[in-house]
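Following: one structure in C-alpha cells, then a few remarks.
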Amino acid sequence: MNTQTIQKTMLACAFCFGAFTCRAAFTEGFVRPAAWYLDYTEAEMSSKAGASLAAGALFGEIKQHELSLEVARASWSWDHLSGLAPGFMLGRSSSGHLTPVLVNYRYYFGAADSRFIFFVGGSAGVTKVSGNVQVVLSGPPSYGSSLDKTQATWSGTVGITAKLTT
C-alpha cells in the first residue's frame, strides 16, 4: 500500500469516527496533551523529549468507550568520535524523528467517576520516519545516508488512568 493511500484511508477513518462519536449518546469530547522523556541506553545517544496531542470523545452509557485522533513527535541524536591511530579519527553523527498519526480506541473498565480506571485498546495509523547518518574519517564527511519514509503503524495499549483532582 502506498503512502498516499494510507494517508487518505486514515483521514477517512478520522472523519467517520468523528461523525460517529458526535452522534453517539452520552458523548463527551476531550483534548489530551502528553509529554514524555526518552532515555536511550547507548552511551553516545542523547536523550530527547517527545510530545503528543490527542483529541476525541468518550461515549457509551457510562463513557466506557473512547475514540481519538493522536499526533506525536519524538526526536533523537548522537555523536561519537574515536581515535583509531595517531592522527586518524573515525566519527559518526546521527539524528532522527518519528511522527505517528494514530486513530485510537480504548475501552475503560469501571465507573467514570472512579479515581483509577483500567483500560485496554488499540491504535492504527501512519508513522513518518526521517533521519540522517554521517560517517567522518579524519576530515570532511566520507559517507552519508538519509531516510524519509511513511509506513503503516498499529499497536495495542493497556494502562491505568488516574484523576489528579476529584
Side-chain angles (χ1 to χ4, degrees), residues 1-24 26-60 63-80 92-110 112 114 116-135 143-164:
M1 191 179 301
N2 69 30
T3 301
Q4 282 187 333
T5 303
I6 293 171
Q7 290 171 340
K8 287 177 184 176
T9 302
M10 289 306 302
L11 188 58
C13 287
F15 282 123
C16 290
F17 285 139
F20 173 75
T21 57
C22 288
R23 306 263 321 161
F26 307 104
T27 301
E28 179 181 307
F30 68 88
V31 174
R32 180 178 52 232
W36 22 276
Y37 180 76
L38 306 171
D39 189 16
Y40 298 100
T41 56
E42 295 224 10
E44 302 96 24
M45 280 193 159
S46 65
S47 298
K48 295 290 185 173
S52 67
L53 182 64
L58 296 168
F59 61 96
K63 297 183 179 74
Q64 72 273 27
H65 302 281
E66 172 192 312
L67 285 174
S68 62
L69 183 63
E70 182 173 10
V71 178
R73 175 80 167 185
S75 303
W76 68 92
S77 64
W78 84 85
D79 293 307
H80 179 73
R92 66 181 185 268
S93 174
S94 177
S95 64
H97 307 282
L98 294 173
T99 308
V101 177
L102 303 169
V103 173
N104 303 310
Y105 170 78
R106 289 182 177 174
Y107 182 84
Y108 293 92
F109 297 91
S114 298
F116 297 98
I117 304 172
F118 177 75
F119 67 87
V120 297
S123 301
V126 294
T127 298
K128 179 178 173 61
V129 181
S130 60
N132 297 301
V133 176
Q134 294 262 335
V135 176
Y143 174 75
S145 179
S146 65
L147 170 69
D148 191 5
K149 183 177 182 180
T150 302
Q151 62 187 45
T153 304
W154 61 91
S155 69
T157 58
V158 175
I160 297 174
T161 64
K163 290 188 178 181
L164 299 178

Next item on the list: Classify the angle between the aromatic ring planes of H65 and F59 as parallel (below 30°), tilted (30 to 60°) or perpendicular (above 60°).
Entry: parallel
Check: Out of curiosity, K128 NZ to L98 CG, how far, rounded to the nearest 0.5 Å?
Finding: 11.0 Å
Notebook entry, point to check: Taking all atoms of both residues into account, what is the closest heavy-atom pair of V126 and T153, and its distance?
Noted result: C-OG1, 3.7 Å
Notebook entry, point to check: Taking all atoms of both residues into account, what is the closest heavy-atom pair of P100 and T127, and its distance?
Noted result: CB-OG1, 3.4 Å
Check: Of all heavy-atom pairs between G122 and T157, which one has the smallest distance, and what is that distance?
Finding: N-OG1, 4.1 Å
Margin query: What verdict does the side-chain contact (heavy atoms from CB on, under 4.5 Å) test give for L53 and V31, after you've listed the backbone C-alpha separation in whole Å, the side-chain angles of each residue and the deciding distance to 0.1 Å?
Written below: CA-CA 7 Å; L53 182 64; V31 174; 3.5 Å; yes
Check: Is there side-chain contact between Y108 and T161, with at least one heavy-atom pair below 4.5 Å?
Finding: yes
Check: Are any non-hydrogen side-chain atoms of I117 and F109 less than 4.5 angstrom apart?
Finding: no
Notebook entry, point to check: For S68 and E66, what are the C-alpha separation, side-chain angles and deciding distance, and is it a side chain to side chain donor-acceptor pair (under 3.5 Å)?
Noted result: CA-CA 6 Å; S68 62; E66 172 192 312; 3.2 Å; yes
Margin query: I'd like to know if the side chain of S130 pairs up with that of H97 as donor and acceptor (distance under 3.5 Å, no hydrogens or angles considered).
Written below: no
Check: Quick one: CD on E28 to CG on L58, what's the gap to the nearest 0.5 Å?
Finding: 5.5 Å
Check: So do the side chains of I160 and F119 get within less than 4.5 Å of each other, counting heavy atoms only?
Finding: no
Next item on the list: Let me see the working for V71 and V101 under side-chain contact (heavy atoms from CB on, under 4.5 Å), right down to the final yes or no.
Entry: CA-CA 5 Å; V71 178; V101 177; 4.3 Å; yes
